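Here is the structure we will look at, set down as structure tokens.
The structure displayed is predicted, hence computed values, not measured ones. Letters A, B, ... are given to chains in the order of the sequence lines, protein chains preceding strands, and every chain is numbered from 1.
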Amino acid sequence: MNERILLSHGGGGRLSHQLIQTEILSRFGHGPLHGLPDAASLLLDTTRIRFSTDGFVVHPLEFPGGNIGDLAVHGTVNDLAVTGAHPRWLSLGLILEEGLPLVLLRRVLDAIQTAAQNCGVVIATGDTKVVRRGQCDGLYITTSGIGEAIPGFSLGLGQVVAGDRILVSGTLGDHGMAVLSVREGLKIENGPVSDSRPVHRLVAGVAAMAAEIRFMRDPTRGGLATVLNEMTVGQPFGILIRACDLPFSPGGRALAEMLGLDLLHVASEGCLVMICSPNVSDAILARWRELPEGREAREIGTVIRQSGRVILETVIGGHRVVDVPSGELLPRIC
Amino acid sequence: MNGIEGFRNMEAANHFYKVLCGHGQQLARQGRVVHFMEVCGSHTMAIARFGIRDFLPINMDLVSGPGCPVCVTDPGIIDAAIQLAHQGKIIATFGDMMRVPGSRSTLDKTRAEGGRIEICYSPRHVLELARDNRKTEVVFLAIGFETTVAPIMAMLDGVIGEAIGNLSLLTAFKRVPPALSALLGDPEIRIDGFLCPAHVSAIIGADAYRPYAETHGVACVVAGFEPLDILYGLDGLARQLVANNPHVDNQYNRVVKPEGNRQAQRVIARFLEPVDASWRGLGVIPASGLVLRQEFTRYDACHRFGFVVEPGRVNPHCLCGDVLKGKIDPSECPLFGTGCHPDHPLGPCMVSSEGSCAAEFKYASGVSS
């Protein structure tokens with residue numbers, strides 16, 4: 001059980017072939033990857049496609065609630081979904097460090113397989129490289145994805161007007177806190193668990209109300225604060241959110257309080273932020289709450305006329321600006 | 001009731017809003033504008049984070065004090081840490097210090113250049129780092145007030161007990177009471193009441209503030225960090241002024257005792273002795289620092305590696321000193337938000353998570369709906 005990745009696994013020879021056959025094609029070789037063509041052949045049902053790419057370098061590779069594999073699937077699936085698309089195909093680029101335990105690689109590939117099935121996406125093309133020990137941190141993944149636009153969605157910040165509602169589909173900041181807790185060796189009982197999961201069903205589930213949905217994003221790096229600021233910068237509107245309506249998990253919240261971090265700045269990996277008309281906000285929340293990934297969905301705020309500002313009504317009724325974080329999240333002295 | 005939620009109740013906050021308005025009116029009838037100072041950086045951040053300035057009447061001013069350990073630290077200590085990192089030593093530090101400007105660079109940039117800088121979450125983490133890297137010298141950038149000093153000294157006790165030979169401290173410890181005395185001795189500064197720090201008081205005790213009330217006539221309230229703690233604290237300060245009865249009111253008695261934490265005080269006294277120390281913005285304050293006693297100098301990085309921490313170069317346009325003394329609001333500094341920004345800070349008050357400039361920039365407290 002001590003098998004490890006060797007440089008020759010990436011050399012193009014027999015070992016490379018064996019790795020691809022036994023580890024990759026056994027999991028993903030039934031669709032467009034069958035026969036290992038240089039490029040996948042895909043048939044589209046519509047002419048409007050969405051195309052996205054993302055790189056995954058998370059450390060550690062495994063964390064409470066997931067690993068780099070399902071994260072790499074969910075990340076790109078979610079980037080497609082929030083543009084109003086139905087995710088169809090993914091590419092899978094693996095960069096492996098010499099010495100990587102094969103058993104760990106298998107766990108990551110299994111997670112990719114399960115996540116792809118759950119998201120209804122097919123791994124259509126891919127590449128595997130091995131680099132010398134020390135040239136990467138165990139395992140890096142890039143995924144690119146193609147999705148088909150769902151008819152009816154016409155998202156854009158230009159349509160947002162004062163009085164529109166801000167919705168989130170789940171608790172905020174869980175992924176970032178889960179990764180931080182293991183990366184820094186913080187041993188916490190009932191600590192935060194990553195929310196790494198797909199949001200495509202949340203999007204597809206409300207497609208009937210697409211005409212009244214103005215904009216969607218997933219609050220990954222930089223958290224909700226960054227997404228809301230990106231939505232309002234240079235726009236003739238602002239956003240007011242209410243602290244008492246923000247959903248946080250007990251584990252994430254406890255750790256953030258302890259370290260002096262603001263959960264609004266911490267990444268989620270399975271959450272959707274939406275601006276929609278007040279006509280459909282309740283219906284969307286009701287639909288989301290029927291899905292496991294939308295059980296904690298809430299309306300958290302409103303679009304306001306104050307141009308370009310994101311303002312938080314605090315739990316005690318005071319007001320403050322919500323700013324974007326500066327650089328990496330650093331715990332404080334006391 | 002959840003431990004935190006109980007102190008974040010909007011109904012109770014509204015009650016304090018009305019109470020503070022009432023105090024404001026009474027003080028106005030006496031023709032008074034009053035100036036409170038929150039001494040501690042964690043109070044500064046909580047006040048901004050929860051929008052507490054929205055609750056203050058216009059004749060009640062709340063300024064930030066010198067209670068952010070990162071902010072009052074001379075840049076020379078950063079320069080020394082960077083130099084040690086370039087010599088191949090591991091620098092262990094709390095996260096706040098990473099982006100604080102030294103004279104020429106930061107620990108953040110030094111790490112990018114290949115220096116080994118490790119962010120630690122607690123003194124115990126530093127001990128583990130030294131244990132795991134026995135062949136390399138580990139230098140802990142030991143900065144903080146009494147609250148942080150006590151656990152660091154407990155860690156040092158562990159270092160001695162385990163005979164760990166590769167860990168030393170680069171110290172810039174500070175004591176809060178001498179700084180308060182220095183502020184009250186400055187004729188340019190007017191303070192009617194101190195919102196006294198919560199966790200520092202847990203170590204030194206509420207009685208430590210009695211001279212300020214009894215000799216200087218300054219109202220003192222020891223308050224916790226939750227929003228209702230702070231509002232109740234401000235109510236307490238205002239009540240003392242309305243009644244013209246300055247004294248020490250320990251509202252944080254769920255944590256703070258009049259005499260403080262004797263065990264922590266003993267640990268500090270065993271390893272450290274007071275020394276005159278230079279505070280950024282306030283200058284040298286007698287007996288306001290703490291250094292390792294003679295018998296423990298082998299754990300002092302300066303002693304071990306034979307160097308002296310030289311005073312660092314401060315950007316001449318940076319007004320952090322005036323901000324730390326409560327003489328100006330952060331936004332009155334001409335560099336605020338332009339030349340000095342959280343992404344490229346010139347002064348420590350803009351980079352520390354407890355700095356008043358960072359709090360003002362990040363939360364722009366007092367944004368009215």
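- Checked against ring pair (Phe, Tyr, Trp, His ring centres under 6.0 Å), Phe215(A) has no partners two or more places apart in sequence or in another chain.
- To the nearest 0.5 Å, atom CG of residue Leu312(A) and atom CZ of residue Arg49(B) are 9.5 Å apart.
- Screening Asn9(B), Ile52(B), Asp54(B), Ile230(B) against Ile316(A) for a side-chain contact (heavy atoms from CB on, under 4.5 Å) leaves a single residue, Ile52(B).
- Open room surrounds CD on Glu11(B); 12 or fewer heavy atoms of other groups in view lie less than 6.0 Å from it.
- Within 6.0 Å of the CZ atom in Arg289(A), the count of heavy atoms belonging to other residues, nucleotides or ligands exceeds 12.
- Taking NZ from Lys362(B) and NE2 from His265(A), the interatomic distance works out to 5.0 Å, rounded to the nearest 0.5 Å.
- Atom CG of Asp132(B) sits in a crowded spot, with more than 12 heavy atoms from other residues, nucleotides or ligands closer than 6.0 Å.
- Taking 4.5 Å as the limit, some side-chain heavy atom of Tyr121(B) sits within range of a side-chain heavy atom of Leu180(A).
- Identified under the salt bridge (charged side-chain N to carboxylate O under 4.0 Å, His left out) test for residues 224-241 of chain A, with sequence neighbours left out: Arg217(A)-Glu230(A).
- At a 4.5 Å heavy-atom cutoff, His341(B) makes no contact with chain A through either its backbone or its side chain.
- Within the 4.5 angstrom heavy-atom criterion, atoms from both the backbone and the side chain of Phe50(B) approach chain A.
- Between Thr314(A) and Met10(B) the shortest heavy-atom distance is O-CE, 4.1 Å.
- When side chains are defined from C-beta on, His319(A) does not count as touching Arg53(B), because their heavy atoms never get closer than 4.5 Å.
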